[in-house]
Amino acid sequence: DDYLDLTPWEFGGKTTVEMYVKYNSFVNYGTLLMFIDEYEPVQVDETIQMYTYSNGNTVFMVSQGSEFRRIRPASNPPTNTWVHTVVTIEGDTMSWYRDGVKQGTSNIDNKPNEFEPTIKTRLNHWLGRSPFHSNFHGTMGYIRFWHGTELSAGDIQLLYENRETS
């Protein structure tokens with residue numbers, strides 16, 4: 001149940017997030033990443049987050065006020081196995097890749113216009129933690145962020161083929 005509290009930096013716009021993680025178990029709202037401004041009181045301006053449900057469904061979400069857009073892969077990740085995940089966002093398109101293979105595009109909310117995260121410095125950048133939900137149950141090998149860049153499918157395949165495995 002450990003987590004990382006990162007020094008905030010400007011992040012948003014076209015975005016790519018890459019993770020290499022191993023899930024020990026799934027808990028409801030087990031948070032892999034949470035970027036958020038003030039969270040007390042509960043009026044939240046914007047968040048970028050990735051979490052799991054207890055059944056293994058994994059979700060990447062960007063919210064702005066009461067509006068949010070989510071995407072999840074076609075299937076749940078396995079437990080006790082390293083999983084390479086990449087999520088890209090550009091304009092009205094979100095895409096999810098697992099182990100170099102595209103799992104889905106668009107969102108599970110079927111809303112007509114998705115949005116990129118606002119380019120700004122949020123006050124809190126956490127890996128493995130959320131002030132509202134459970135911590136991540138597993139191991140994070142590494143996480144990389146591409147601010148202002150949506151990587152191509154070919155780039156993502158190369159990342160998977162050349163991932164750090166030791």
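What you see is a predicted model; the values in this text were computed from it and never measured.
Thr47 and Ser63 are linked by a side-chain donor-acceptor pair at a separation below 3.5 angstrom, with hydrogens and angles left out of the test.
When the side chain to side chain contact (heavy atoms under 4.5 Å, CB included) test is applied to Tyr53, the partners found at least two apart in sequence or on another chain are Asn28, Tyr29, Tyr51, Asn55, Asn57, Val59, Arg70. With sequence neighbours excluded, the residues forming a side chain to side chain contact (heavy atoms under 4.5 Å, CB included) with Val21 are Met19, Tyr23, Leu32, Phe136, Met140, listed by chain and number. Under the side chain to side chain contact (heavy atoms under 4.5 Å, CB included) criterion, Thr7 pairs with no residue at all, not counting sequence neighbours. Scored by the side chain to side chain contact (heavy atoms under 4.5 Å, CB included) test, Ile119 finds Glu10, His147 as partners (sequence neighbours excluded). By the side chain to side chain donor-acceptor pair (under 3.5 Å) test, Ser54 pairs with no residue at all, sequence neighbours left out. Remark: Arg122 engages Glu46 in a salt bridge (Lys or Arg N to Asp or Glu O under 4.0 Å) (not counting sequence neighbours). With sequence neighbours excluded, the residues forming a side chain to side chain donor-acceptor pair (under 3.5 Å) with Glu161 are Gln157, listed by chain and number. Taking the side chain to side chain donor-acceptor pair (under 3.5 Å) definition, one finds that Lys120 meets it with Asp37, Asp45, sequence neighbours left out.
Under the salt bridge (charged side-chain N to carboxylate O under 4.0 Å, His left out) criterion, no residue pair touches residues 95-106, with sequence neighbours excluded.
A side-chain contact (heavy atoms from CB on, under 4.5 Å) with Thr16 is found for exactly one of Tyr97, Trp146, Phe145, namely Trp146.
A distance of 10.5 Å separates CE of Met34 from CD1 of Ile48, quoted to the nearest 0.5 Å. For the atom pair NE2 (His125) and CG (Leu4), the distance works out to 13.0 Å, reported to the nearest 0.5 Å. Atom CG of residue Leu151 and atom CG of residue Leu159 lie 6.0 Å apart, to the nearest 0.5 angstrom. A distance of 11.5 Å separates OG1 in Thr121 from CZ in Phe11, rounded to the nearest 0.5 Å.
Here the side chain of Thr118 pairs no donor or acceptor atom with the backbone of Glu116 at under 3.5 angstrom.
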Side-chain atoms of residues 80-91: list all donor-acceptor pairs with protein atoms under 3.5 Å, sequence neighbours left out, distances to 0.1 Å.
residue	atom	partner	partner atom	Å
Thr81	OG1	Thr79	O	3.4
His84	NE2	Glu18	OE2	2.7

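Residues Asn135 and Arg129 form a side-chain contact, since some pair of their non-hydrogen atoms from C-beta on lies under 4.5 Å apart. Looking at heavy atoms from C-beta onward, Phe60 lies in side-chain contact with Val17 at the 4.5 angstrom threshold.
Here the shortest heavy-atom pairing between Glu164 and Tyr142 reads N-OH, 3.5 Å. Contact record, Pro77 with Gly56: CD-O, 3.4 Å, taken as the closest heavy-atom pair.
Other residues sharing a hydrophobic cluster with Tyr160 under the 4.5 Å side-chain heavy-atom criterion for ILVMFWY residues do not exist; the residue is a singleton. Here Val101 sits alone; no ILVMFWY side chain lies under 4.5 Å from its own, so it joins no hydrophobic cluster.
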